[in-house]
Q: 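Handing you this structure, nothing more for now.
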Amino acid sequence: MKQVYIYDTTLRDGTQGEGFQLSGLDKLRIAKRLDEFGVDYIEGGWPGSNPKDVEFFREARNLELKHAKLAAFGSTRRANVKVEEDPQVRLLLEAKTPVVTIFGKSWELQVTEVLRTTVGENQAMIRDTVAHLVANGREVVYDAEHFFDGYKDDAGHALATLKAAAEGGASSLVLCDTNGGTLPFEVEEICNAVRKFLPDTPMGIHTHNDSELGVANAIAAVRAGASQIQGTINGYGERTGNCNLTSVIPILQLKMGIQVVNELERLRDISYFVDDVSNNPHFARAPFVGRTAFAHKGGMHVNAVQKLARSYEHIVPSSVGNAQVILISELSGQSNILLKAAELDMPLEKGAPEAAEILKRVKELEHVGYSFEAAGGSLELLIRREMGRYSKPFEAMEYHTSFRQYRDGHRPVCEATVKVTVNGQTELTVAEGNGVVNALDIALRKALMPFFPEIAEVSLVDYKVRILDGHDATAAKTRVLIVSAHGADTWGTVGVSENIIEASWLALVDGIDLFLQRR
Ligand SMILES: [Zn+2]
């Protein structure tokens, strides 16, 4: 048994945040990464709130998660309705997840003013719903909404709602700081009181960052015996966000000696991955994983850091997959490359000259705007080239695109011409598409099909564009991330250019190239 379980709600509470949207495919990709990273629970969505989440749970059944348990989120039954007849509760069961998390009201004010029901009925709603889900074989997590505000208002009432959930058979009682206004010492005190009142049911914590205490409050709860932390990667979530798992996990593991995930050195990777997939810029000053988290500027610091890293670093950067910046070390950042190479069955020794070459190339490309966290396919090509495990399947000679818009209501026409050479043979093809990139993709595939017929089974499943501001790179550039698929296999590739069509072309060519390499 673990001392603390990590419950990730990036896919549900995270998507309540402004500017954080995920498609169904994005959610599946993130869920897979979270599982590999080692979180214990993945909350996938609220089937009762939108059909997209119902669809997600249907497709998530094919994910074959290795460790994490998938949770569907919803509310208790409505007032004065039999739980068996509540359609929202039925959808929770139809999601067919091993875990169901339901939230209920802890604050008397919410019960009487928002639900407009009685204290007794509210407790029955909680108890019935939990019991019904447990009877249907589910592990039930109970989220006590507004718990801390409710407790401060009327402790007896708030505790009675938890007792109802425990009586229903909840496997854990999660205290929520829904408005994010509670302070760490209050959290610790109230959690202690809850443990005393209900010592036999595990307690969890769900915090929001409105007072910039999301992480601190979660840690305070752990000190008072909480064994589950709910939060999101990079702290995404409504208003100012949720408890940031990207900070809480290394604090638990490196500073409190509480083991929660197996691959902590992938922390930085997953942080960038979620940013890239959701098309959000990376927060450079993010603790632990930010680009500047271990950056040293100024002669004296650099000098001291070179002599003794601990003098200006609170943890070893590589323990979270990050690296010291400024201090130019041959080994800095190599661990990520070594991990990736091992994954590809091309193991590299630490300090091998190939690893240094790959890292140098990665850094050069990152400097001009590339990002490989969600583009494992392009990184794989780079590693293959550097390790002599690459043979060029085709030469992309040239392309041309055009876009014609008519005034008279005809649909616009996009056309692309592509010229490729394979084994000295040149192929020139033209294709139309419903967009410039689509036309290019079709033309490229058409040109290569005579040589590699299996390309017909590859499809482009996602396309994302990000304009990089002039802050990091010198001029405004466009980064295009695409995801290609062949059966259940998917891979991401990236292209960067000042021109969006060229950036797309680079990513497309990499996508096809990688498929042919792997054959
Ligand atoms: Zn929340």
Side-chain angles (χ1 to χ4, degrees), residues 4-22 27 30 34 39-50 53 70-76 88 92 99-107 109-110 114-115 126 129 140-152 158 161-162 165 170 172-184 186-187 190-191 194 203-222 226 228-249 274 278:
V4 175
Y5 293 86
I6 299 295
Y7 183 108
D8 180 282
T9 180
T10 308
L11 306 182
R12 204 274 306 168
D13 224 2
T15 59
Q16 300 292 312
E18 191 187 318
F20 191 74
Q21 277 111 19
L22 299 172
K27 282 182 148 198
I30 292 174
L34 286 168
V39 307
D40 303 292
Y41 296 87
I42 299 171
E43 190 172 83
W46 186 349
S49 81
N50 76 69
D53 285 355
L70 204 59
F73 178 85
S75 78
T76 56
Q88 190 265 152
L92 284 172
V99 179
V100 173
T101 299
I102 55 157
F103 72 94
K105 303 280 184 208
S106 332
W107 194 354
L109 185 79
Q110 291 264 333
V114 180
L115 288 184
I126 296 169
T129 314
V140 180
V141 174
Y142 176 69
D143 275 10
E145 197 189 27
H146 289 116
F147 185 79
F148 296 93
D149 298 307
Y151 185 93
K152 285 190 243 174
T161 61
L162 286 184
S172 53
L173 307 170
V174 179
L175 314 184
C176 302
D177 186 24
T178 308
N179 297 351
T182 310
L183 303 179
E186 297 172 314
V187 168
I190 294 172
C191 286
V194 168
M203 176 176 75
I205 184 80
H206 176 115
T207 56
H208 279 265
N209 206 32
D210 299 76
S211 310
E212 214 169 27
L213 293 168
V215 169
N217 282 341
I219 298 295
V222 168
Q228 181 191 122
I229 294 182
Q230 299 194 347
T232 62
I233 298 295
N234 299 335
Y236 284 114
E238 63 190 317
R239 306 187 306 274
T240 57
N242 283 57
C243 169
N244 187 353
L245 290 180
T246 320
S247 294
V248 122
I249 291 172
V274 170
S278 64

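If you're wondering where the values come from, they're calculated on a predicted model, not measured in any experiment. Numbering of ligands and ligand atoms starts at 1, following listing order.
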Q: Please give me the minimum heavy-atom distance between Ile6 and Asp40, naming the atom from each residue.
A: N-OD2, 2.7 Å

Q: Which atom pair, heavy atoms only, marks the closest approach of Ile205 to Asn217?
A: CG1-O, 4.4 Å

Q: Of Gln230, Glu43, His206, Gln16, which meets side chain to side chain donor-acceptor pair (under 3.5 Å) against Thr9?
A: Glu43

Q: List the atom of His146, the atom of Asn179, and the distance in Å for their closest heavy-atom pair.
A: NE2-OD1, 3.2 Å

Q: For the Zn ion (ligand 1), state how many protein N, O or S atoms fall inside a distance shorter than 2.8 Å.
A: 3

Q: With a 4.0 Å cut-off, would you call Arg12 and Asp53 a salt bridge?
A: no

Q: Checking side chain to side chain contact (heavy atoms under 4.5 Å, CB included) for the pair Leu175/Tyr151: CA distance, chi angles, key distance, verdict?
A: CA-CA 10 Å; Leu175 314 184; Tyr151 185 93; over 6 Å; no

